[in-house]
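To start, the structure itself, in structure tokens.
Atom set for the values below is all heavy atoms of this structure, side chains included, hydrogens, waters and symmetry mates excluded.
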Amino acid sequence: MQQQCTKRPATMRVSLEGMRTNTDTFQFRHFPYDQHHVDALVKALKTAGELDPMTLWRDPHTNELVIVDGHHRFEAYRQAGHRRQVRARVHECSVEQAQLLALKENGKTRLPLTHAERSDAAWALVCLGPEVHSRSAVSKATGVADGTVATMRRTRIALLERDPEDDLPRRWWEARAALKDIGRREYTDEERDEMIEAKAAQLDEQIGAKLGFMVSNQIEAACGVVAGRLGRQGLAYLFEYHIRDELRDVVDPYGRLYDGTDEAWEADDEKGEKDDRNEYDF
């Protein structure tokens with residue numbers, strides 16, 4: 001019998017040092033946090049003085065207070081150098097019930113989960129077993145269609161029957177690939193997008209923080225490394241699908257204004273060559 005979450009969680013003030021994170025259990029996003037969203041919360045914090053209450057879970061085994069919902073708020077408080085205690089709602093229940101809390105809306109400035117993140121969250125809950133969460137509970141908590149949750153449950157059973165000793169995949173697209181031997185057929189657009197998003201998240205976990213730090217402190221070095229690793233084909237893809245439309249009427253780090261046209265790039269290239277000639281024209 002699961003321990004149910006109390007209907008009325010305890011409301012209290014808690015220091016940031018008194019909280020801990022457990023992203024493996026309670027963070028369903030592919031990236032640790034979105035810096036743009038954190039920046040927006042920091043601005044709101046400077047205006048209001050405090051953000052919406054954090055949602056915490058008291059671990060019955062260690063008595064620690066774990067962040068269930070509010071990872072972006074926690075990061076905003078931390079980056080803003082907030083020292084005072086903050087408001088929090090503390091729940092006491094099983095870890096499985098606390099996971100459902102992590103998926104519920106909480107706060108006025110909530111950053112929605114992507115489709116792939118919701119699918120992975122539903123898959124994670126399904127992997128706990130049908131005795132833990134009902135199909136309707138998973139669907140309601142994640143926003144994933146009831147029929148999709150049913151497919152996930154069948155997929156779990158099939159994978160366990162194939163190899164009971166093997167760990168279940170962490171991502172939903174990986175589970176489908178394992179079941180259907182997807183490598184022998186073409187990906188659907190949805191499957192390909194989910195795969196790319198998952199791999200991007202994995203790479204960001206490995207190098208994202210270091211690269212972002214270098215961009216902030218020495219952008220030339222960061223760009224040099226990225227350009228070298230991408231190569232000619234990678235740079236062409238980066239420009240075509242991620243940069244061209246974003247550069248319209250944008251000022252670069254050195255104060256030059258681009259309007260997003262090829263002529264602007266060509267003109268700047270000619271200017272650069274002329275400047276290089278003048279620099280060495282003694």
Sidechain-backbone polar pair: S216 side chain, G212 backbone, donor-acceptor under 3.5 Å: yes
Using a strict threshold of under 4.0 Å (side-chain N to carboxylate O), is an ion pair present between E64 and R58? no
What's the spacing between S134 OG and L125 CG if we round to 0.5 Å? 10.5 Å
Distance check, rounded to the nearest 0.5 Å: R153 atom CZ versus C127 atom SG? 12.0 Å
Taking all atoms of both residues into account, what is the closest heavy-atom pair of S139 and A145, and its distance? OG-C, 3.9 Å
Applying salt bridge (Lys or Arg N to Asp or Glu O under 4.0 Å) to R156 and E161, what does each step give before you reach the verdict? CA-CA 9 Å; R156 172 184 174 274; E161 289 177 346; over 6 Å; no
If you take all heavy atoms of E174 and P169, which pair is closest and at what distance? CB-CB, 3.8 Å
Just verifying a value: how many Å separate M54 CE and H71 NE2, rounded to the nearest 0.5 Å? 7.5 Å
Could D69 and R73 be called an ion pair, given the rule that one side-chain N must be under 4.0 Å from one carboxylate O? yes
Working to the nearest 0.5 Å, report the span between CG of L16 and NE2 of H82. 6.5 Å
Indicate, with yes or no, if M12 and I67 share a hydrophobic cluster defined by side-chain heavy-atom contacts under 4.5 Å among Ile, Leu, Val, Met, Phe, Trp and Tyr. yes
Go through the steps to decide whether L211 and V226 satisfy the test side chain to side chain contact (heavy atoms under 4.5 Å, CB included), and finish with yes or no. CA-CA 9 Å; L211 183 60; V226 171; 4.0 Å; yes
L159 side, atom CG; T155 side, atom OG1 - distance, nearest 0.5 Å: 6.5 Å
Can you name the closest pair of heavy atoms from V42 and A80 and give their distance? CG1-CB, 4.3 Å
Which heavy atom in A88 sits nearest to a heavy atom in L56, and how many Å separate them? CB-CD1, 3.6 Å
Is there a donor-acceptor pair closer than 3.5 Å between any side-chain N or O of R89 and the backbone N or O of T55? no
For residues L160 and V149: do they belong to one hydrophobic cluster (side chain heavy atoms under 4.5 Å, members Ile, Leu, Val, Met, Phe, Trp, Tyr)? yes
Closer than 4.0 angstrom, basic N to acidic O: yes or no for D120 and R170? no
With a 3.5 Å distance limit and no angle check, can you tell me whether E75 reaches the backbone of V38 through a side-chain donor-acceptor pair? no
Is L128 linked to L168 within one hydrophobic cluster, defined over Ile, Leu, Val, Met, Phe, Trp and Tyr using a side-chain heavy-atom separation of less than 4.5 Å? yes
Passes side chain to side chain contact (heavy atoms under 4.5 Å, CB included), V95 versus W57? Steps please. CA-CA 8 Å; V95 64; W57 169 67; 3.9 Å; yes
Treat each ILVMFWY residue as a node, draw an edge where side-chain heavy atoms are under 4.5 Å apart, and state whether V144 and I157 are in one component. no
Distance from Q218 atom CD to C223 atom SG, nearest 0.5 Å? 10.0 Å
Full working for side chain to side chain contact (heavy atoms under 4.5 Å, CB included) between R135 and D146: CA-CA 7 Å; R135 196 170 77 186; D146 185 79; 3.0 Å; yes
Can E117 and R171 be counted as an ion pair, charged N to O under 4.0 angstrom? no
Would you say L203 ends up clustered with V215 if hydrophobic residues are merged whenever their side chains have heavy atoms under 4.5 Å apart, either directly or through other cluster members? no
Under a 3.5 Å distance rule, please check whether Y77 uses its side chain to pair with a backbone N or O of V86 as donor and acceptor. no
For a side chain to side chain contact (heavy atoms under 4.5 Å, CB included) check, start with the C-alpha distance between V126 and W172, then their side-chain angles and the critical distance, and finish with the verdict. CA-CA 10 Å; V126 167; W172 171 228; over 6 Å; no
Kindly say whether A178 contributes a backbone atom to a donor-acceptor pair with the side chain of R162 at under 3.5 angstrom? yes
Between A76 and L45, what is the shortest heavy-atom contact and its length? O-CD2, 4.3 Å
Could you pull out all residues at least two apart from D59 that satisfy salt bridge (Lys or Arg N to Asp or Glu O under 4.0 Å)? R20
